[in-house]
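Here is the structure we will look at.
Just so it is clear: chains get the letters A, B, ... in the order the sequence lines come, proteins before strands, and each one is counted from 1. Everything numeric in this text was worked out from a predicted model, so none of it was measured.
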Amino acid sequence: MKKMITTLIGGCAALVIAGAAVAGAVESLRGDQELPDLSKEPAKRQQLVVRGGIERSYKLQPPVIPHEIEKDEINLKVNTCMNCHSEKTFEQKKAPKVGDSHYVTRDGKVQGTLSSRRYFCNQCHAPQVVADPLVENNFVGAK
Amino acid sequence: MTSGGKKGTFAVLVVGVVLGIALWGGFNWTLELTNTEQFCITCHEMEVTPYAELQETVHFTNRTGVRATCPDCHVPRPWIYKIVRKIRASNELYHHFVTGAVDTEEKFEAKRMQLAQTVWKAMKDTDSRECRNCHKFNSMNLEKQQSRAADAHDPYYWEAIDGKEPTFTCIDCHKGIAHSLPEGFDPTWNSPETTEQ
C-alpha cells in the first residue's frame, strides 16, 4: 500500500514537472510574454481618411469610420460622436445621421434620441488605418 | 532754485526711477513666474483633472512637437488683459485656500459645467484670442486638412482672406479641445449654426 502511494506521488510529480517543461516550450500568440504583462503596443499607424466614406462589404454592415477618431470621447458623461452625427446637428456638420436603427429600443420602440443599445459606437464602427492588406485578395463588396 | 535744491530733486528722481524699475521689474517677474504651467499645477485642483486630461490631447504631444501650456490658452498675452486675468485669479486663490470649492475630483466634476461655461464665454468674447496666438484661419492650408476639417473651415477661411471678421470663432466649434467635456454637454453647442448665438 505504502509503496503504491509513493509510486503514485512520484508519478504525479513527474507529470507535473514534464507538464511544466512542455508548457515552457509552447509559445502563445502573444509571444514570450508573461501572462500578467500588457501586450506590446502595435506599431502606430495613421488613421485613414476617405472623403465620401468607405464602401460597405455587405448589407447592414456597420460602415467603417472614414475619419480620425483620436479626439473623440465616449464615456458616461459625453459621446462626442453625437456632436456631428445626431439628429440635431448632422445637417450642419455635413455628416450622415446615425442609422434609423440607432433609435430603436430593445422592445422595438422608436424614440427621439439615441437608443442606449447604440451608445458605444466603436463597439460596431471601427476606424481604419493606412495599411496594405496582409494577404492580397479580390473580394468585391455588396455595393 | 539753489544748486542744493537741484541736487535734491535729482536724487529724488534717481531714487524714484531705481525704485520704480525694481518694483516694476519685481512685479513683472512675479507675473512671469506665475505664468508657467509649473505654477498652475502646484494646485492639485489644476493638476489632477485639467492637467491629466491635457496630456491625452494633441496639445501635449503631436507630430511637430509644439506644445501648448495652460497659460498659452488661459492667460492673455497683451499686458492689460493679463493683469485683469490675474486679478480674477485671486478668486481661484480664495476657493483653493478658503472654500475648497473643487478640491476633490467629485467636486470638480460637479462644478465643471459652470467653470467650462466661464471659459467658453471668455473665449467667445475675445474671438478665441489665445487660440489665434498660434492658429489663424488665413494661415491654414485647407488642402492639407482632413476633408471634414477643410469643409468646415472653408467659408471662414475665405472671410478671413477677404479681410472680414469670420462669422464664427474657434471655440464655437472646438469645445472640449483640451479637457473632457462636462456632463450634460449638448451636441448642438459645437454647431454654432444650429444654436441661437
Side-chain angles (χ1 to χ4, degrees), chain A residues 41 43-55 63-99 102-103 111-116 118-122 125-130, chain B residues 49 52-64 105-106 108-113 115-116 120 142-156 167-168 170-197:
Chain A
E41 253 185 64
K44 279 235 157 60
R45 286 185 192 279
Q46 231 176 326
Q47 283 182 2
L48 186 65
V49 178
V50 181
R51 186 187 281 274
I54 299 167
E55 204 173 90
V64 294
I65 305 172
H67 56 70
E68 293 178 4
I69 58 164
E70 265 194 342
K71 270 204 301 294
D72 288 298
E73 272 188 287
I74 306 175
N75 56 33
L76 265 182
K77 296 187 293 166
V78 283
N79 178 328
T80 58
C81 307
M82 293 304 275
N83 287 353
C84 298
H85 290 288
S86 79
E87 60 288 351
K88 291 191 254 176
T89 54
F90 76 101
E91 281 172 315
Q92 197 234 307
K93 292 290 187 184
K94 301 180 196 87
K97 190 174 83 157
V98 295
H102 297 48
Y103 295 92
Q111 53 184 29
T113 51
L114 188 71
S115 159
S116 53
R118 295 292 167 107
Y119 188 79
F120 295 101
C121 318
N122 49 1
H125 298 282
Q128 305 296 299
V129 292
V130 183
Chain B
T49 306
E53 288 171 354
L54 180 67
Q55 290 176 17
E56 301 291 313
T57 74
V58 68
H59 285 104
F60 196 79
T61 52
N62 55 55
R63 191 176 51 86
T64 46
E105 276 176 73
E106 291 73 25
F108 189 88
E109 288 307 332
K111 205 171 177 188
R112 190 195 283 249
M113 179 63 95
L115 300 176
W120 291 330
L142 297 190
E143 303 212 336
K144 293 242 156 120
Q145 293 193 340
Q146 290 188 59
S147 44
R148 278 188 313 169
D151 290 349
H153 295 152
D154 188 72
Y156 315 113
T167 316
F168 294 114
C170 319
I171 201 63
D172 284 328
C173 298
H174 287 293
K175 298 180 185 73
I177 186 71
H179 318 281
S180 277
L181 286 165
E183 186 166 10
F185 181 84
D186 187 295
T188 59
W189 292 353
N190 259 348
S191 288
E193 285 99 326
T194 60
T195 1
E196 289 82 53
Q197 291 291 308

Side-chain contact, heavy-atom cut-off 4.5 Å: [X] with [Y]?
{"X": "A/K93", "Y": "B/S191", "result": "yes"}
{"X": "B/S180", "Y": "A/V78", "result": "no"}
{"X": "B/T57", "Y": "A/E70", "result": "no"}
{"X": "B/F185", "Y": "A/N83", "result": "yes"}
{"X": "A/K77", "Y": "B/E109", "result": "yes"}

- Query: With a 4.5 angstrom heavy-atom cut-off, which part of B/R112 approaches chain A: side chain, backbone, both or neither?
  - Reply: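 For B/R112, the side chain is the part near chain A, not the backbone.
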- Measure B/E56 against the heavy atoms of chain A and call it side chain, backbone, both or neither at under 4.5 Å.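 Looking at B/E56, nothing touches chain A.
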- Query: Which atoms form the tightest heavy-atom contact between A/V49 and B/Q146, and what is the distance?
  - Reply: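 Nearest heavy atoms, A/V49 then B/Q146: CG2-OE1, 4.0 Å.
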- A/K94 and B/D151: which non-hydrogen atoms are nearest, and at how many Å?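 Scanning both residues, the minimum pair turns out to be NZ-O, 4.1 Å.
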- Query: Are B/R148 and A/E68 ion-paired here, with the side-chain N under 4.0 Å from a carboxylate O?
  - Reply: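 Salt bridge between B/R148 and A/E68, a charged N being under 4.0 Å from a carboxylate O: no.
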- Query: Are more than 12 heavy atoms from other residues, nucleotides or ligands located less than 6.0 Å from atom CD of A/Q111?
  - Reply: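 Yes.
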- How long is the span from the CE atom in A/M82 to the OG1 atom in B/T188, to the nearest 0.5 Å?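 Reported value, rounded in 0.5 Å steps: 12.0 Å.
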- What part of A/K88 lies closer than 4.5 angstrom to a heavy atom of chain B: side chain, backbone, both or neither?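 Both parts, backbone and side chain.
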